[in-house]
Amino acid sequence: MTSLIGPRPIGWLSTWGPDDVSNLAPFSYFAALSVAPMLVGVSIGMRREEPKDSIVNIRARGAFCVNIVTEDLLEPMNATSASVGPEVDEFALAGLVRAVSDRVDAPFVAAAAAVLECEVRKEVDLEAPNALVIAEVVGVRLDGSLPFEDGTMLVEPEALRLVGRLGGSAYSIASDILRIPRPEER
Ligand SMILES: Cc1cc2nc3c(=O)[nH]c(=O)nc-3n(C[C@H](O)[C@H](O)[C@H](O)COP(=O)(O)O)c2cc1C
């Protein structure tokens, strides 16, 4: 299934852990769910029958940031998928500079071209080991140099080079971009 549904967006989540140690981890069970309000969903599994650090932190703080993964951040994103304990600062592990949100109780990746600042609204029981977290995007940080498509609030995809996950260790970079107008509304 994971090699067929793709490329999947990657929610690269940053959270505060115990003692304010910062945590970063990628999740490709991640999706945009609604635009008004802006909602996202992320499904976080278990590691050796224990909850992963990200879900522990999200439950404790009720917030996270989604750092948008662009081509330049592919290697550090992958580095933060390492199974390390909650005492390890994963910004330092991946050689990333940390910034701190003033809207939600979470840090974010200073080098990310775009960041979604999220407040948790609900945790859904999937009757599976994964926890599905639904959160509202209450802030969007954008690099001021990103261009918008004329007359819209859409960031030009050519400028972003977004990374998607395929099966296993395969990724794709959005660069072969087509524009196809929607059929007329009747
Ligand atoms: C690109 C990518 C996508 C991933 N997607 C998920 C996912 O959707 N759910 C999940 O539980 N783990 C996923 N993982 C594995 C987690 O990133 C990994 O278990 C990580 O160590 C969790 O970190 P944490 O304990 O700090 O939360 C993914 C790994 C990579 C490299």
Side-chain angles (χ1 to χ4, degrees), residues 1-33 39-96 98 100-101 104-109 111-118 120 122-135 137 160-175:
M1 181 191 81
T2 56
S3 64
L4 297 175
I5 300 178
R8 294 190 302 287
I10 299 171
W12 192 19
L13 265 53
S14 45
T15 50
W16 289 124
D19 302 322
D20 286 351
V21 175
S22 39
N23 193 86
L24 260 178
F27 296 95
S28 60
Y29 296 154
F30 174 78
L33 301 178
L39 297 176
V40 295
V42 57
S43 160
I44 303 177
M46 309 273 276
R47 183 194 297 118
R48 284 179 242 101
E49 301 190 17
E50 294 289 329
K52 294 186 182 183
D53 297 336
S54 298
I55 187 68
V56 172
N57 299 346
I58 287 169
R59 285 173 179 150
R61 302 287 185 124
F64 56 87
C65 286
V66 177
N67 304 277
I68 300 301
V69 183
T70 46
E71 186 178 20
D72 53 319
L73 293 172
L74 179 50
E75 293 287 346
M77 176 281 292
N78 186 46
T80 65
S81 70
S83 293
V84 293
E87 70 289 350
V88 176
D89 180 329
E90 286 173 279
F91 284 77
L93 178 93
L96 293 164
R98 183 184 77 192
V100 177
S101 170
V104 299
D105 193 11
F108 64 91
V109 175
V115 175
L116 308 177
E117 297 164 299
C118 300
V120 174
K122 184 181 274 212
E123 190 176 320
V124 179
D125 180 3
L126 294 179
E127 297 186 16
N130 285 45
L132 173 59
V133 175
I134 312 288
V137 179
L160 275 173
R161 295 183 69 83
L162 293 168
V163 173
R165 179 141 191 230
L166 302 167
S169 59
Y171 294 91
S172 68
I173 293 160
S175 59

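Indexing begins at 1, ligand by ligand and atom by atom, following the structure's order. These numbers come from a predicted model, not from an experiment.
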Could you check [atom] against the protein and tell me its nearest heavy-atom contact, residue, atom and distance included?
atom                    : value
atom 5 (N) of ligand 1  : S28 N, 2.8 Å
atom 22 (C) of ligand 1 : R47 NH2, 3.4 Å
atom 27 (O) of ligand 1 : S54 OG, 2.6 Å
atom 8 (O) of ligand 1  : Y29 N, 2.8 Å
atom 2 (C) of ligand 1  : R165 NH1, 3.4 Å
atom 11 (O) of ligand 1 : G45 N, 2.7 Å
atom 23 (O) of ligand 1 : A25 CB, 3.2 Å

Heavy-atom nearest neighbour of [atom] within options [options]:
atom                    : options       : answer
atom 12 (N) of ligand 1 : E50, K52, E90 : K52
atom 7 (C) of ligand 1  : W12, F30, F27 : F27
atom 14 (N) of ligand 1 : P26, S81, S43 : P26

Heteroatom proximity flag, T80 to ligand 1, N/O under 3.5 Å: no
Pair listing, salt bridge (Lys or Arg N to Asp or Glu O under 4.0 Å) test, anchored in residues 14-27, at least two apart: D20-R61
Where at least one partner belongs to residues 83-92, residue pairs that pass side chain to side chain donor-acceptor pair (under 3.5 Å), sequence neighbours excluded: S22-D89, R47-S83
Flag, side chain of R165 to backbone of G168, donor-acceptor distance under 3.5 Å: yes
